[in-house]
Each structure stands twice: as C-alpha cells, then as structure tokens.
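Note sheet for the following structure.
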Amino acid sequence: MENAIIAVAAAFSIGITAIATSIAQRAIGSAGVGALAEKPELVGSIIILVAIPETLVILGFAVAAIMLMG
Amino acid sequence: MIEKMARVEIIGLKKHLSRLIPLLHTSGYLQIDDIREMPDVMLQQFSPTAQMKEDREEVDLLIANINGLIESFSLNQKGQIETEPETKNEEDSVYSIKENVADITAQVQYINMRKKTLQDELISHSKYIEILKIISPFIPESSKDSGNATIRALVHSSQTRTMALLANQLKLLTHGKFEMITAKVGDETNAIIGIFPLELVSQVEGFMKNEKVGQLVLPEEYAYLSTEEALQHIEKKVELNHEELKKNDESMSRLAKKWLPSLKLWQLICKDKVDEIEVYLKIGETDFTFTIFGWVPSDDIQMLEIILKKEFSEEISLNVIGVPKELKSLIPVKLKNLEIVEPFEHFVKMRATPNYSDIDPSVLVAIFMPIFFGMMAGDVGYGIVMLLIAFLINKKVKEGLLSDIVKFLRLGAIWTIVFGILFGEYFGNLGEKLGIPPLWMSRSEPDSIFPLITMAIAVGVSHILLGLLIGSWNAFIHKNNNHLLERVGMFVGLVGLLFLVGSLTNYLPDAFRIIGWAVLAIGLIALAVSLGKSGVFLGPIEFVGLIGSILSYLRIAALGLASVFLAKVANDIGGMIPSVVAGLLISVLIHALNIVMGILSPTIQSLRLQYVEFFQRFYTGGQSPYEPFKKRVSKKLKI
C-alpha cells in the first residue's frame with residue numbers, strides 16, 4: 001500500500017509540474033512565434049524563454065526520483 | 001576563437017574612387033564604417049553625383065524587373081527547377097543585363113498575354129459548348145436547310161409565356177415563316193429555338209433586340225453555322241486552345257529553365273552594384289581627397305596592402321589606426337574556428353554574437369552539446385540510424401541552419417553510439433536480450449536511477465563550474481570587480497557545497513564538513529558583497545538559483561529514461577504480438593517515433609543547457625558581426 005501511495009505521489013509530482021510547464025510554455029510559445037515573425041534574429045532568446053519553464057518539470061522529476069529511491 | 005581586428009583608414013585622391021570601390025568590393029576584406037556614425041571623425045560625407053543617383057534608380061528598376069521575372073518563372077515551375085546562380089561572366093555588366101532582361105520580359109509578356117487570351121476563349125467556348133449541347137437535341141431538321149437561319153436562347157421558365165407571345169409576333173413579322181420550338185432543359189430553364197428564312201435575319205434580330213430578349217450569340221466565325229456544325233467547330237477550337245496552352249506552358253518552362261539561373265545571378269550582380277553605389281555615402285571627403293574608415297582582420301591587412309599597392313602603387317595610402325575607447329564596443333567580431341566547430345558558431349550567434357574581448361564559446365558548445373545529446377539519446381541502434389539520417393540529409397542540404405543541425409546531429413549520433421555502448425542499449429533492451437552487457441550501467445534497471453541522477457548532477461556541476469571560471473576570467477579581463485567577485489563567490493560557494501555534500505554522504509572525510517561550511521560561507525559572503533546593499537538577501541537567492549541551474553541538468557537523466565523506456569515498450573509490445581511481421585512492424589513504428597523524438601528533444605534540451613545554464617555564467621555577447629564589403633557574386637582577383 002505504501003509503495004502504491006509513493007508511486008501515485010511520484011506520478012503527481014511529474015504530472016502536475018508537467019501541466020504547469022505546458023501552461024507556461026503555451027503562453028510563451030505563442031508570444032514567441034509572434035515575435036519571431038517580426039524579428040527572426042530573436043530565435044536564441046525565444047528558445048531560452050520557451051525552455052525556462054521546463055525546469056519546473058525537471059524539478060518534479062527530481063522530487064519523484066527522490067520519492068521512488070527513498 | 002575571435003579573430004583580431006585592425007582599424008584602418010584609406011586615403012587618396014577622389015579621382016581614384018571609381019576604381020578603388022570595385023577593387024575593395026571584389027577583394028572583400030574591408031568592413032566599411034559609416035562616416036556619419038564615427039564619433040572621432042570630423043569629415044564631410046561624400047556627396048553622390050547626379051550620375052550615381054541615376055545609376056541607382058536604373059539598377060533598382062532592373063532589380064524590380066528581375067524579381068518579377070523570377071517570381072513569374074518560379075510560379076510557373078512550381079518548384080520543379082532547383083537552380084543555383086551560375087558563376088559570373090565577364091560580360092555580365094548592368095548594361096548587358098538590362099538588355100537581356102528587356103528581351104526576356106518581352107518574351108514572357110507575349111507568352112502571358114497569349115495565355116490570357118486562350119484562357120478567356122476557353123472559358124467562353126466552354127460555356128457555348130455547354131449551352132449548345134443542351135439545345136442541340138431539340139434542333140429541328142429544318143434548321144439544316146441552307147436557306148434557314150436559327151436563333152437560340154435559354155430563358156427562365158417564368159418567361160416562356162412571354163416568349164410564346166413574342167413568337168406569335170415574329171410569325172406575323174415573317175408572314176408565318178417563323179418556327180419556334182421550346183424545350184425544358186432544366187428545372188427552371190427552357191431552351192427556345194427559332195427557325196426562319198435567312199433573308200429575315202436582320203428583321204428578326206432587330207425585333208429580338210428591341211424586345212430585349214438575350215439570345216445566345218456565338219462568335220462571328222460560328223454565327224452562320226448550324227448548331228451541330230457550330231458545336232463541332234467550337235469543340236475543335238477548344239481542343240486546339242488546350243494544345244496551344246500546353247505548348248505555351250512548355251515555352252514558359254523552356255524559358256525558365258534557360259534564364260532562371262542567369263536571372264538569379266543578375267539579381268545578385270545588381271544588388272552588388274547597389275552596394276557599390278550606396279557605399280559612397282559612408283565615405284568622407286574633402287575637395288580633392290576621400291577617406292574611408294573600416295575594419296580588416298589583422299591577418300588580412302598585408303593582403304589588402306598588396307592589392308592596393310598593385311593597383312594604385314603609392315597613390316592611395318592604407319594606415320592602421322588606433323581604436324578609441326568609445327569604438328571598442330563597435331569592433332566587428334569575426335569567428336575563426338576549425339571546420340568541425342563552424343556549425344556551432346551559428347548556434348552561438350543565434351543567442352548573440354560574442355563580444356570582441358570575450359571568449360568565443362563555440363568550441364565549448366561544440367564539445368558539450370553533442371556529448372549531452374549522446375548522454376540523453378544513448379543507444380547504439382538509434383545512433384546508427386541518426387548517422388544515416390544525417391548522412392542522407394547532408395547529401396541534399398549543404399548550407400544554412402539545417403545543414404548546421406545535421407552536422408551537429410552527426411557528432412551527436414557518434415556520442416549516442418558511445419553512450420549506447422556504456423549503457424548497453426541497442427534499440428532499447430534488445431542488446432540485453434541478445435546478451436550484450438552494458439559497460440557502465442543499464443538505464444532501464446531500477447538500481448541505475450541513483451547513478452544516472454548523480455551523473456547528470458556531476459555533469460551540471462562541472463559545466464557550471466567551467467562557466468563560472470570563464471565568467472571570472474572575462475570579468476578579470478574587463479576589470480569588472482563586481483562581476484569577478486560574484487562569479488568567484490559562486491564558484492567558491494559551489495565548491496564549499498560539494499565538500500559539504502561529499503562529507504555528509506561519506507564520500508569525503510568528516511574534516512571536509514567544516515572546510516565545506518567555511519568555504520561555502522566565504523563564497524556566499526563574496527556573492528553578497530558583489531551584489532551591493534541588497535546582497536544579504538539577493539546573495540542566497542542567487543546561490544539557490546545556481547543550485548536550480550545544476551538541478552536543471554537532471555533533464556539529461558530524465559530524457560534518457562524516457563527514451564530507454566519507450567524503446568523497451570517498443571520491444572515488449574513487438575514481442576507480445578503473435579504474428580512476427582505485425583510485431584516487427586509495430587516495434588519499428590514505435591522505435592521510429594522514439595528516434596524522431598530522440599533527435600528533436602535532446603537537440604533542444606542540450607541547446608537549452610548551453611544557452612540558459614552555461615552561457616548565463618559568463619556570456620553576454622551582442623557585438624556586431626564582421627560584415628565585409630564583399631561581392632555576393634565573387635570574381636577572383638589576380639594578384
């Protein structure tokens with residue numbers, strides 16, 4: 001039972017952070033595409049901006065891994 | 001690495017300018033500065049002559065014509081012809097280009113006009129055929145008599161009654177010689193056919209006109225033919241028109257095939273000509289002399305001197321001059337790296353061109369990006385497939401961002417194979433099933449999560465420590481004490497944290513615990529001091545941000561795990577299906593999906609680790625790239 005709860009918690013840890021990342025990336029991505037249409041030279045900055053929220057899901061992964069390993 | 005640049009001035013008599021500018025343009029060494037933007041120069045801007053303005057207008061018009069022709073040919077070809085500009089011929093002067101363009105334009109205009117006429121005819125003739133085909137079954141035999149004429153009309157069924165009244169009047173007009181047939185040809189349409197003696201044509205037509213009855217008027221050449229004959233002739237004409245249209249398109253294709261490469265070349269030559277005219281505006285002048293300021297890579301100065309001396313002997317002087325402090329930020333940046341590193345220069349430039357006095361990170365990106373890619377993808381089978389994909393794309397694409405990505409993919413694929421061997425992955429766990437053991441660890445085993453995460457963190461720590469070292473060096477070079485203290489503080493703090501974690505996890509002796517605390521404290525204090533008054537709060541926040549950056553490298557482990565488990569799923573599902581063929585097919589499909597994701601995701605993520613985590617520690621960039629005054633279409637100089 002305990003293992004099941006840990007597995008569910010790990011899944012939530014990844015799932016919720018993934019949803020949060022996708023919400024942030026949706027907004028940044030659409031704005032970024034608009035900006036790229038105007039200024040293609042901004043591609044580097046846009047990649048950075050789109051990639052920044054991914055840290056959320058990576059941290060979620062870290063927490064999940066700690067739970068599963070613990 | 002960033003190539004050393006020299007600031008030069010070229011001084012001479014104005015009468016030599018007309019020869020000097022094309023020479024500089026052909027040699028392609030000098031980036032010419034705009035005299036209006038030079039804070040240390042007090043010279044009048046060159047005033048273009050009326051002839052120059054006229055030339056400029058003429059070339060602009062020529063470019064517009066060429067663009068129009070290229071567009072017209074490209075539309076016609078629909079991408080069938082892949083052309084590259086031909087090499088420059090000596091006779092490709094603006095004058096000869098203008099003559100050729102006028103000639104091609106005339107031919108294209110004729111073809112287009114003819115096409116338009118034929119298309120219009122086809123539309124109207126198709127309509128006639130449609131109507132005549134509806135009417136023809138109802139045409140009486142009497143219409144075939146040579147002494148009879150026919151009128152045809154399609155009217156709305158609500159008008160049929162009116163038409164009957166009109167027919168009665170026409171009968172009176174023609175003394176009973178008018179015969180009218182009405183036939184229903186649609187739900188709401190009736191065909192009206194009137195037959196009467198030929199000599200009464202003008203009277204009948206005049207009457208119809210007066211009564212405003214719209215009859216079907218065929219073109220003159222078919223007007224006096226019977227309906228069947230007219231139908232035959234129009235159908236024949238439509239067939240001929242189709243043939244002519246086809247021939248017309250073929251002529252256009254031949255013309256495009258013949259001239260498109262030349263037009264693209266002429267377009268570049270004309271743009272070169274515009275550049276040559278525009279560059280005069282960047283030059284300074286006195287009554288009799290001119291001065292050009294610009295930048296040349298230090299290694300190329302000697303070559304430029306030789307070229308100028310050969311053409312002008314001592315009449316033009318090239319001097320290397322000092323770079324004032326206010327121009328330091330305007331020094332153009334030229335990167336010069338090994339061929340293997342060149343694709344990564346573009347990745348760096350996508351972020352920002354490096355500053356002249358900074359370290360060029362292209363080499364570091366060239367080292368780390370493919371390694372990170374390989375760590376994430378890590379599969380021998382996938383690596384081989386990626387190599388094949390890179391090889392195939394490379395055969396088609398030789399230049400541009402895609403070509404750079406392919407070159408990166410080639411290196412990434414090699415590292416994918418290397419890490420695949422270390423992880424024992426051959427299309428997922430297929431190697432394991434065949435008894436090939438991993439040299440290091442199997443990522444699909446539950447026990448390997450900890451070493452995998454440790455590896456990712458270790459890579460992150462090393463990468464960020466390297467970034468901080470470079471950042472400290474940059475700050476030292478720029479004599480920016482605050483930045484130096486900040487980066488050294490972070491570096492020291494991170495080292496202290498490593499000591500602490502090492503001793504807490506029993507990898508280091510207990511003594512390192514105190515050393516770790518002390519070093520961490522020193523680092524944090526240095527960081528706080530560098531941030532000024534608010535450093536007490538911002539220092540620890542910055543340090544936590546640094547830890548966050550290191551944790552960000554966990555994506556190497558996360559993506560790797562996702563890839564290996566998807567590969568495992570592909571093999572397991574394939575194995576579960578009784579039919580070998582179906583199982584193999586499903587397995588291949590899932591592996592293909594995994595390979596595509598394995599190319600896209602690790603590329604973006606490894607680029608992100610460079611841009612966000614690594615560059616943040618040392619890289620600002622933003623200086624202008626070196627853009628020499630160089631011809632788009634090169635012509636080799638004889639030196």
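Worth saying up front: this structure is predicted, and the values here are computed from it rather than measured. Letters A, B, ... mirror the listed sequences (proteins, then strands); counts begin at 1. These values consider heavy atoms only, across backbone and side chains, with no hydrogens, waters or symmetry-generated copies.
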Given heavy-atom pairs under 4.5 angstrom as the criterion, report whether the side chain, backbone, both or neither of [X] touches chain A.
X      : answer
B:L607 : side chain
B:I453 : side chain
B:L561 : side chain

Which distance, rounded to the nearest 0.5 Å, do you find between the CD1 of A:I52 and the OH of B:Y611?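 These two atoms lie 13.5 Å from each other.
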Find out whether B:R608 and A:T55 are in side-chain contact, i.e. whether some heavy atom of one side chain is under 4.5 Å from a heavy atom of the other.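 They are in side-chain contact.
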Side chain proximity check, B:Y553 to A:I58, heavy atoms < 4.5 angstrom: no
